[in-house]
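Okay, structure first, notes after.
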Protein chains: 2
Amino acid sequence: MTIERRTPLSRSRRPTIKDVAEAAGVSRSTVSRALTGRGYAASDVRERVLRAAAELGYVPDVMARTLKQQVSRSVGVLVSDLRNPFYAELAAGASREARERGYTMVLADTSLSAEAESEAAEALVALRVAGVIVTPNSSVVSTYLSSHGIPVVEVDRQFAAGSTDGVVVGNRVGARTATAHLVELGHRRIALFIDETDWTTGYERYQGYLEALGAGDIKVDPDLVVSAGWDVADSRRRALDMLRGPDRPTAVFAANNVLAEGVWRAIHELGLRVPGDVSLVAFDDAPWMSMVSPMVTAVSQDTFNLGATAVRRLDERIVMPEADSVTTVLNVHLVARESTAPPAMI
Amino acid sequence: MTIERRTPLSRSRRPTIKDVAEAAGVSRSTVSRALTGRGYAASDVRERVLRAAAELGYVPDVMARTLKQQVSRSVGVLVSDLRNPFYAELAAGASREARERGYTMVLADTSLSAEAESEAAEALVALRVAGVIVTPNSSVVSTYLSSHGIPVVEVDRQFAAGSTDGVVVGNRVGARTATAHLVELGHRRIALFIDETDWTTGYERYQGYLEALGAGDIKVDPDLVVSAGWDVADSRRRALDMLRGPDRPTAVFAANNVLAEGVWRAIHELGLRVPGDVSLVAFDDAPWMSMVSPMVTAVSQDTFNLGATAVRRLDERIVMPEADSVTTVLNVHLVARESTAPPAMI
DNA sequence: ATCCCGTGTGGGAACGATGTCACAACCCTG
DNA sequence: CAGGGTTGTGACATCGTTCCCACACGGGAT
């Protein structure tokens, strides 16, 4: 009859390298050498140490190791909004690549708040992470982290190009292709829904839109360029206003998946037919776009790969801190579906 | 004319508490007391220390602090697949709650792989996190972490009920409500698409389905219960087989959003009309379900809150390690939309 | 004058893993 | 037997922070 041990040994004290050394009958130094593979360790001793470590369930303390070596194997990831499938997929890609390269990932959803972003950045500095991947909303985070000697990779958007690495997609090309697709179909009144036109991403997509219109000899109508906010509700409201108006556009280019959702909802509420009454193209191919009917034509970006590439870039930067900064541009491609067609005759 | 400093001071060496102490002209102990607010510190000295710390851009090293205090302020979060909006939203909820409670979040996407899960769990032990939230695939992770004295909260599914905390939703009630909704509409041949029926989640949903059938005096047809895999493709294939068959069901209850997507795609490929030819109810209300036409009736769970609640539970557990384990059950509710209607007359 | 107390400060130990010593056993070869 | 290579040892230092204890100082009570 055995007495139940209320609290296992492990709860009271986790095994340390010292415990392993005692169990294996060697010194701590020898355990360290045997486990890491650096330095001398006879094969029978190594065997004994490994067995003792396994039996005790010994797991090295990353904190202590990092403290000594001054080299962390954690990376920070700051994204705007995990509920947006774009950021979720980005994080998924980063997660997989981080795991493959032996990094742990510290993730924070900054909820589109500058305060949360700064707070998270400070936490990452305190953790002494090896590097940070961020979808920035301003240059402050990149600047702050860089000033603390932490490598930064900006993803999707870029505020500190030249001084930090970046991984973005071909925004201008993508936007031009999407708009040109509408122009080729015969559309002349093409609305643009965009988050902003000041940042790199928005600016580039705006430029791509302008270029395609210019190439088609179409004069830009400022009333058709809507700088909608960040949520579906706002986009929907603005779309309702525009599509109810007298001079309704025959096509809409929505510059991200959130705006596209708002426009889509507005179109449906108004009972308009797609693409009969209005054509729709989106930048960023969210899952719902291939599920709705008609399916939405979209500029697809490999978001998962965007996250994975950012981690790769960061890893390279960590290995070579002094190399020139690099901006990687990933390709996008237009997925023509059912939401685009020539405009109806008037 | 100033000379550009190639590498800022911060890169060569981060400021330590010692630097702050020297700058403020006090001892390290005094700096610590002044900054943390624990212990004595004259107001003028505190002032001086704070200014020195701010000027140097001093950020305390979490590693060193944790090492000393043996109390971490990080929590681990292990989710199956961030690309699934369910897990993304769960992670978003966990992230916000963690931030509010002053925890940093270490996240790993285990990609439905047992190996990745174990690997991630070991990394979390190495990091000495304060606790872990996991959407488990077996009991091994919970057991492993518990054996290392790390508090665990199982979310969505539960393998170690009784020994660890859990946060789940009313799976049985939800499934019963969804199925009963179909029964009330007059359906007698109701298919169930489910991931598995052994685990807690799948088992409960299966039971709810059976209960609702029993209450409607409907005999269970085993051919209508499909244990589909984990991806959309598999679910779609199985749905195609079933819906092409001679004895097609008049309604389908898909027990999660992935299965629902597969069924939805199959229905469309076959040119069936919803709800005319077949009604559809889903467990877990994914964003696309309110965007497609007809909109899909679904059992909605507050996934964001699921993640947030799990962090709250974990925090309580960390504060009171010896308290009895608790399983929190969150409510779900049926959102009746357009994909359900009485079966067509035959 | 002595003691006690509250207040403020400094010195040193400790946390866990690892690297670096000097050194001690060995073995084998010449 | 000398010399060199191999293998293992314990002691000590390191990292940044905090805890514990010692001490200093001055005022009030005994």
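What you see is a predicted model, and the numbers here were worked out from it, not measured in a lab. Chain letters run A, B, ... following the sequence lines, proteins first, then strands; residues in each count from 1. Both backbone and side-chain heavy atoms feed into the values below; hydrogens, waters and symmetry mates do not.
Residues passing the salt bridge (charged side-chain N to carboxylate O under 4.0 Å, His left out) test with Asp315(A), sequence neighbours excluded: Arg101(A). Taking Phe86(B) as the reference, nothing meets the ring-ring contact (aromatic ring centres under 6.0 Å, His included) condition, with sequence neighbours excluded. Residues forming a ring-ring contact (aromatic ring centres under 6.0 Å, His included) with Phe159(B) (at least two apart in sequence, or on another chain): Trp199(B). Among residues two or more places apart in sequence or in another chain, the ring-ring contact (aromatic ring centres under 6.0 Å, His included) test is passed with Phe304(B) by none.
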N/O-N/O pairs, protein side and nucleotides 12-14 of chain D side, under 3.5 Å:
from	atom 1	to	atom 2	distance (Å)
dT14(D)	O2	Lys68(A)	NZ	3.4

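Among residues at least two apart or in separate chains, salt bridge (charged side-chain N to carboxylate O under 4.0 Å, His left out) pairs with a member in residues 62-84 of chain B are Glu89(A)-Arg83(B). Residue pairs meeting the salt bridge (charged side-chain N to carboxylate O under 4.0 Å, His left out) criterion with at least one member in residues 20-29 of chain B: none, sequence neighbours excluded. Evaluation of the salt bridge (charged side-chain N to carboxylate O under 4.0 Å, His left out) test over residues 140-152 of chain A, restricted to residues two or more places apart or in two chains, returns none. Note on residues 121-141 of chain A: pairs passing salt bridge (charged side-chain N to carboxylate O under 4.0 Å, His left out), not counting sequence neighbours, are Arg128(A)-Asp61(B).
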Which pairs of donor and acceptor atoms, one on a side chain in residues 42-49 of chain B, lie under 3.5 Å apart (sequence neighbours left out)?
from	atom 1	to	atom 2	distance (Å)
Arg46(B)	NH1	Ala41(B)	O	3.4
Arg48(B)	NH1	Ala24(B)	O	2.6

Nucleic acid footprint by protein, nucleotides 21-26 of chain D - heavy-atom cut-off 4.0 Å, B for base, S for sugar-phosphate alone: ------
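Proximity of residues 43-58 of chain A to DNA chain C (heavy atom under 4.0 angstrom from any strand atom) is restricted to Tyr58(A).
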